[in-house]
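So the structure is just underneath, and the comments pick up after that.
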Amino acid sequence: MIRPQVIAVITLSIGFALIAVGLTLGQQSIIDALMRVFNAEILAGVPW
Amino acid sequence: MASKRPSRIRLLRFTTQLTSFILLNAALIGITFNLVVPFLHPFSSPLANAGGAFELLLKLAIDLVIPFIPLAVFLIIAAIFGRAFCGWACPFGFVQDLLGMIPVKKRNPSKKNEGRFSEIKFFILGFTIILTIWVVVSKIQGSELVVQALGPFAESPFEPLSPATTLFALIPWMIIRGTIADIFSGNILLWLRLGILVGVLITVIYIPRAWCRWFCPAGAILGIFSRNSFLGIKRRLTKCTTEKCQMECEAKCPMAIRIMQEPWKRIRHHNCTLCLNCKSCPEDAIEMTAP
């Protein structure tokens with residue numbers, strides 16, 4: 001049986017790998033833009 | 001000793017929640033930092049400094065972007081802290097805790113029903129993911145039919161019905177835009193959204209953290225990965241003597257976890273938010289654990 005700590009370390013490693021890929025692909029800037037664009041869309045009148 | 005510590009912990013938790021609530025909603029006063037947070041927080045809010053990883057995950061997927069960062073936030077936070085952010089930082093959780101302070105007789109369903117209700121959040125999560133995949137596949141195929149049929153749900157499958165989005169985005173936007181009178185316009189989706197919010201807010205007065213326990217899909221994701229988190233709590237068998245106590249730990253748990261039925265080495269319940277209310281144990285048998 002796999003020890004919980006090992007599962008936690010594997011989960012953490014996958015998380016950091018995903019962060020690295022996301023940052024390399026410039027995803028944080030997509031998220032930043034998304035927040036601004038989404039707010040602008042709502043201001044322009046997206047239906048509730 | 002044991003009687004003073006829980007009140008100190010509660011004060012610390014309240015301060016942390018209040019700070020988080022203010023900082024995450026401080027965009028209106030010009031403080032901005034676009035964080036991705038592992039709990040429900042609508043990035044569409046005019047007040048928001050942060051976007052909930054769950055909302056961003058769905059939105060990015062629907063925009064045909066693989067949501068690496070939101071997924072990573074869930075995995076990293078869950079692996080280290082479990083669901084602690086639900087108990088210590090989530091603004092909607094804080095609102096629920098505030099409403100839970102209203103002195104009315106608290107109610108809880110039977111143990112059997114609590115277990116069933118707890119599973120609803122996994123169904124909501126699954127349904128939302130299926131809906132997202134459906135929209136993504138139809139977009140890849142170039143079909144507009146699904147997008148048109150789903151309306152606002154095609155833009156974000158969960159947010160239109162999320163009470164956190166209604167409270168932190170819809171209502172502030174209505175106030176800012178001066179469209180509060182839209183409530184009387186007969187818009188069914190608007191009524192549904194407000195109805196869900198009011199229903200949840202009334203429910204949490206009587207049933208502590210009912211939204212987090214039963215319905216929150218972000219909590220469901222964290223719950224799945226938090227079972228093996230580094231931080232956790234355990235029960236010290238040498239101190240835990242049921243003859244001497246009234247199961248204070250279970251009585252004080254806002255998530256209604258049957259602590260005495262969990263493994264003593266490590267409480268692995270998917271609903272544990274590490275709020276540490278269970279440290280009110282008169283024997284001081286509950287303690288934090290980390291590998």
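No hydrogens, no waters, no symmetry mates; every other heavy atom, side chains included, goes into these values. To find a chain, count down the sequence lines: A is the first, B the second, and so on, and within it residues start at 1.
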- Minimum heavy-atom separation for B/Ala78 to B/Ser229, with atom names? O-CB, 3.1 Å
- Message: Given heavy-atom pairs under 4.5 angstrom as the criterion, report whether the side chain, backbone, both or neither of A/Val9 touches chain B.
- Response: both
- Message: Does any backbone or side-chain atom of B/Leu56 lie under 4.5 Å from a heavy atom of chain A? Answer side chain, backbone, both or neither.
- Response: side chain
- Query: When you look at CD1 of A/Ile2, are more than 12 heavy atoms from neighbouring residues, nucleotides or ligands closer to it than 6.0 Å?
  - Reply: no
- Query: With only heavy atoms counted, which part of A/Ile30 is less than 4.5 Å from chain B, the side chain, the backbone, both or neither?
  - Reply: side chain
- What part of B/Ile77 gets closer than 4.5 Å to chain A, counting heavy atoms only: side chain, backbone, both or neither? neither
- Message: Suppose we screen for salt bridge (Lys or Arg N to Asp or Glu O under 4.0 Å). Which residues come up paired with B/Arg268, at least two apart in sequence or across chains?
- Response: none
- Of the backbone (N, CA, C, O) and the side chain (C-beta and beyond), which part of B/Ile188 lies under 4.5 Å from a heavy atom of chain A, both, or neither? neither
- Message: Can you list everything that forms a side-chain contact (heavy atoms from CB on, under 4.5 Å) with B/Ser185? Sequence neighbours excluded, please.
- Response: B/Asp182, B/Asn187
- Item | Interchain contact, B/Pro42 with chain A, by part (heavy-atom threshold 4.5 Å) | neither
- Task: Identify which of A/Ala17, A/Ser13, A/Gly15 forms the greatest number of heavy-atom pairs closer than 4.5 Å to chain B.
- Result: A/Gly15
- Once the angle between the rings of B/Phe168 and B/His41 is folded into 0 to 90°, is it parallel (under 30°), tilted (30 to 60°) or perpendicular (over 60°)? tilted
- Message: Is it true that, when you exclude B/Ile66 itself, more than 12 heavy atoms of the residues, nucleotides or ligands shown sit nearer than 6.0 Å to its CD1?
- Response: no
